[in-house]
Amino acid sequence: MTKSILQPEISSKLADLYRRMEEAYDLVASELSFTCGGCPDNCCDSYFLHHTVIEWAYLWEGLSKLSGKELEKIRAKADDYLEKSRLSLTRGERPAEMCPANENGLCSIYHYRLMICRMHGVPSSFTKPDGGRMNFPGCFRCQQLVSGREEVPEVERTIMYRELAFLEKDLLLAIRFRGPRIKMTIAEMIVHGPPQFQTGGM
């Protein structure tokens, strides 16, 4: 099994940030009376690309806690995911494959899921470094729920995104990470294995 690859302090800070993300999400979901229960869809088949080494490493914190048999099964599903996604992209289509970490409709590493997995669903917004705003209307079910409302509560992602960026910067400096900026699906993070840190880093 893979041992922990993040210092406890950094892992704890990311876990705390994730906790606050969930609280912000739950507050908006409560105000909207929004729940995923009974939804005919599963957002785990959404095609998301992730960009932080710290989340990649934290994902492997969770994967390392699985049994060898469970991890082997997820790796096999990740290989299948990549092949099917490659074919979809070749056809100019957006992949819609189930995340390899999903088991019978539930995330097998739920407490270690990535930021986008935690924030997807309810309306939210984000201010980019250049001052531009990005708005996310939420999933299709939430959009139906708020249709016609004049005021819609939303999660403000900006502060949380900035905090994640600072944690990422601190980690990369500490571990002397030399790789290019990542742009990976969860399946790619699984198939590639945990990020490789320079000797003398963490």
Side-chain angles (χ1 to χ4, degrees), residues 6-7 9-36 39 41-59 61-62 89 94-96 99 101 107 109-175 177-189 195:
L6 287 175
Q7 284 184 346
E9 180 182 3
I10 290 182
S11 181
S12 178
K13 286 181 178 180
L14 182 58
D16 180 66
L17 174 58
Y18 280 158
R19 177 187 59 78
R20 285 181 277 119
M21 286 180 178
E22 290 180 0
E23 289 177 350
Y25 179 100
D26 290 343
L27 179 61
V28 171
S30 177
E31 291 180 15
L32 294 174
S33 298
F34 172 77
T35 173
C36 297
C39 183
D41 194 13
N42 190 316
C43 61
C44 292
D45 64 3
S46 301
Y47 185 69
F48 291 135
L49 292 171
H50 309 271
H51 305 278
T52 57
V53 175
I54 191 172
E55 290 197 289
W56 179 9
Y58 195 73
L59 176 75
E61 295 264 336
L89 292 170
R94 187 177 181 85
C99 175
C107 181
I109 48 171
Y110 185 79
H111 294 294
Y112 295 87
R113 69 196 190 283
L114 278 62
M115 173 189 64
I116 294 178
C117 305
R118 297 168 188 269
M119 303 299 287
H120 182 67
V122 300
S124 61
S125 60
F126 167 59
T127 300
K128 297 186 292 184
D130 63 5
R133 291 283 288 178
M134 294 186 67
N135 294 292
F136 307 90
C139 67
F140 83 95
R141 192 180 190 190
C142 191
Q143 291 180 51
Q144 293 174 345
L145 181 66
V146 303
S147 178
R149 291 185 56 157
E150 292 185 5
E151 295 186 8
V152 178
E154 63 179 21
V155 175
E156 174 53 65
R157 299 186 185 185
T158 308
I159 294 177
M160 293 180 284
Y161 275 18
R162 287 175 181 170
E163 187 170 342
L164 180 63
F166 287 138
L167 287 175
E168 173 80 346
K169 181 179 179 181
D170 289 345
L171 172 67
L172 298 186
L173 288 173
I175 64 177
F177 187 77
R178 293 292 188 268
R181 188 168 190 266
I182 69 168
K183 187 177 181 181
M184 303 168 71
T185 62
I186 287 178
E188 289 173 316
M189 291 178 175

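The structure displayed is predicted, hence computed values, not measured ones. One is the number of the first residue; the rest follow in order along the sequence.
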Test your reading of the model: is there a side-chain donor-acceptor pair from [X] to the backbone of [Y], 3.5 Å cut-off?
X      : Y      : result
Glu168 : Ile54  : yes
His50  : Thr185 : no
Glu55  : Met115 : yes
Arg94  : Tyr47  : yes

Value rounded to 0.5 Å, distance of [atom1] in [X] from [atom2] in [Y]:
X      : Y      : atom1 : atom2 : answer
Ser125 : Glu156 : OG    : CD    : 4.0 Å
Trp56  : Leu114 : CH2   : CG    : 12.0 Å
Tyr110 : Cys117 : OH    : SG    : 10.5 Å
Cys139 : Asn42  : SG    : CG    : 11.0 Å
Cys44  : Ile186 : SG    : CD1   : 8.0 Å
Cys43  : Phe48  : SG    : CZ    : 6.5 Å

Salt bridge between [X] and [Y], side-chain N to carboxylate O under 4.0 Å?
X      : Y      : result
Glu23  : Arg118 : no
Glu31  : Arg149 : no
Lys13  : Asp16  : no
Arg113 : Glu22  : yes
Glu188 : Lys183 : no

Inset, instruction - Mark yes when over 12 heavy atoms from residues, nucleotides or ligands other than Glu9 sit less than 6.0 Å from its CD; otherwise mark no. - result: no
Test item: [X] and [Y] side chains (from C-beta on) under 4.5 Å apart, heavy atoms:
X      : Y      : result
Val155 : Met160 : yes
Leu32  : Cys142 : yes
Glu163 : Arg20  : yes
Met189 : Ile182 : yes
Phe166 : Leu171 : no
Leu89  : Pro95  : yes
Arg141 : Leu145 : no

Legend entry - Criterion side-chain contact (heavy atoms from CB on, under 4.5 Å) on Leu14 and Leu164, from CA distance to verdict: CA-CA 8 Å; Leu14 182 58; Leu164 180 63; 3.7 Å; yes
Inset, instruction - Mind telling me whether Phe34 and Tyr25 have parallel, tilted or perpendicular rings, with 30° and 60° as the class edges? - result: perpendicular
Inset, instruction - Give the ring-plane orientation class for Tyr161 versus Phe126, where under 30° counts as parallel, over 60° as perpendicular and anything between as tilted. - result: tilted
Legend entry - Step-by-step side-chain contact (heavy atoms from CB on, under 4.5 Å) determination, Val122 to Glu154: CA-CA 7 Å; Val122 300; Glu154 63 179 21; over 6 Å; no
Legend entry - Test side-chain contact (heavy atoms from CB on, under 4.5 Å) applied to Arg133 and Thr158, step by step: CA-CA 10 Å; Arg133 291 283 288 178; Thr158 308; 4.1 Å; yes
Legend entry - Test of ring centre spacing under 6.0 Å for His120 and Phe136: no
Inset, instruction - Kindly state whether the ring of Tyr18 and the ring of Tyr112 have centres lying under 6.0 angstrom apart. - result: no
Legend entry - Residues Leu49, Met184; criterion side-chain contact (heavy atoms from CB on, under 4.5 Å); working and verdict: CA-CA 5 Å; Leu49 292 171; Met184 303 168 71; 5.9 Å; no
